[in-house]
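Protein chains get the first letters and strands the later ones, always in sequence-line order, with residue 1 at the start of each.
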There are 2 protein chains.
Amino acid sequence: MDTKSMIIDTATTLFQQKGYIGVGLNEILKTCNISKGSLYHHFPNGKEELLIACLKSMSESITTDIEDIFKRYQTTQEATLAMIEKLIENYNREGSISGYTFTSIVSELATLSAPVRNACSYLYIKMQGIYSNKLVEDGLSKETADSIALMMTAAFEGGIMLCLTQKSSHPLKVISQLLPKLMKGFQ
Amino acid sequence: MDTKSMIIDTATTLFQQKGYIGVGLNEILKTCNISKGSLYHHFPNGKEELLIACLKSMSESITTDIEDIFKRYQTTQEATLAMIEKLIENYNREGSISGYTFTSIVSELATLSAPVRNACSYLYIKMQGIYSNKLVEDGLSKETADSIALMMTAAFEGGIMLCLTQKSSHPLKVISQLLPKLMKGFQ
DNA sequence: GTCTATAATACGATAGAC
DNA sequence: GTCTATCGTATTATAGAC
């Protein structure tokens, strides 16, 4: 694998663990076993350019992951339950939820840096689109599907935050039980 | 007002705007027009001790604010709509949502610092309690009320995140339209 | 393309005078 | 209780050799 990709992969993991401001360039360089000159050769605009590359890489893996799940199951309800179950399994195994959200990485920057905010917005809209399309397949109108998909995106994001602060997967479990009832109300 | 309270108030505003790691001690000192020695006299353990004091102060103002709203309206549905409307008005006026959430302040620390995580957890549980009590008053069972209250807390938290990244109050509006339907499904 | 050396600055924290 | 001066140590970024 080329150096640039290796830097992105390593930095992504570190950013997920400690957040953007929580990880210094030196830590990234040490983990990658490269020098400062090499990093600035690949990312002339420094740390923020590297972050954007990491967010883009994460966006792709998260959305293809969710898309796969939503293709594998017939209804939104089944797919949603499977997705949350995967999140909970991930939480039980690793003790934290690192994928499926940017919040813990960039929330402190989201209000300051426009490129970062755009990367967040892009991911949320992409996720929402996957949910909405499936709900339309289920027979809901485009408008209703969009609303529920937005609610799902918000509930997941908030649910992950609750799990992280309470050190428990219980919030996501409760949400997975309630979301189907919300969908049924429209069918 | 005494110096200590003034420091807490000023630091709270700065943390809300730029996040914990985004605000340096020097910026706080300059805004307060005090010296380093004064700050460390009131907060011997430095920046993190100051943050905890700010979170505690915010917790109190947020929960009394929500409690007031929930006392003023008869049903959870009305109170919820009023609360979200207030959030949206606040967003339209100031262009951002600074109250009602810690996420944008401490999410990068929530996984690292136990005292910070506890402060977050405390606020979420307090909010959830307010919602749950009102839902029990509405006639729901304790168990159902707890579940819906958790869902509300998560949806608000996620909804705020969506509003901030998309620079729009639309997500919270949609959530305020959907939450009543979720409650009705149980009545 | 990668390295070393270095710059310039900001950080949190401490010591001691008043 | 507040001040000034200072200490280490981080930070991001750059220059120039190879």
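With sequence neighbours excluded, the residues that form a ring pair (Phe, Tyr, Trp, His ring centres under 6.0 Å) with B:F156 are B:Y131. With sequence neighbours excluded, no residue forms a ring pair (Phe, Tyr, Trp, His ring centres under 6.0 Å) with B:Y124.
Sorted by first and then second residue, the ring-ring contact (aromatic ring centres under 6.0 Å, His included) pairs involving residues 167-187 of chain B (not counting sequence neighbours) form an empty list.
Contacts of A:G37 with the nucleic acid, taken as non-hydrogen atoms under 4.0 Å apart, include base atoms.
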Only pairs under 3.5 Å count here: list side-chain donor-acceptor contacts from residues 22-38 of chain A, not counting sequence neighbours, and write none if there are none.
{"unit_1": "A:N26", "atom_1": "OD1", "unit_2": "A:K36", "atom_2": "NZ", "d": "3.0"}
{"unit_1": "A:E27", "atom_1": "OE2", "unit_2": "A:K18", "atom_2": "NZ", "d": "2.6"}
{"unit_1": "A:T31", "atom_1": "OG1", "unit_2": "A:E27", "atom_2": "O", "d": "2.7"}

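With A:D138 contributing its side chain and A:T75 its backbone, the two residues share no donor-acceptor pair below 3.5 Å.
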| said: Before you tell me yes or no, could you show the steps for B:M183 and B:M152 under side chain to side chain contact (heavy atoms under 4.5 Å, CB included), namely the whole-Å CA-CA distance, both residues' side-chain angles and the distance that decides it to 0.1 Å? | reply: CA-CA 10 Å; B:M183 295 175 208; B:M152 287 171 65; 4.0 Å; yes
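Protein chain B contacts DNA chain D over a range whose 5' and 3' limits, counting nucleotides with an atom under 4.0 angstrom from a non-hydrogen atom, are D:dG1 to D:dT4.
Surrounding CD of B:Q74 are at most 12 heavy atoms belonging to other residues, nucleotides or ligands under 6.0 Å away.
The minimum heavy-atom distance between A:L81 and A:S176, with the atom names listed, is CD2-O, 3.2 Å.
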Under-3.5 Å N/O pairs linking protein and nucleotides 6-11 of chain C:
{"unit_1": "C:dC11", "atom_1": "OP2", "unit_2": "B:N26", "atom_2": "ND2", "d": "3.3"}

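Along DNA chain D, the nucleotide closest to B:H41 and the one closest to A:Y40 are compared, and the more 5′ of them pairs with B:H41.
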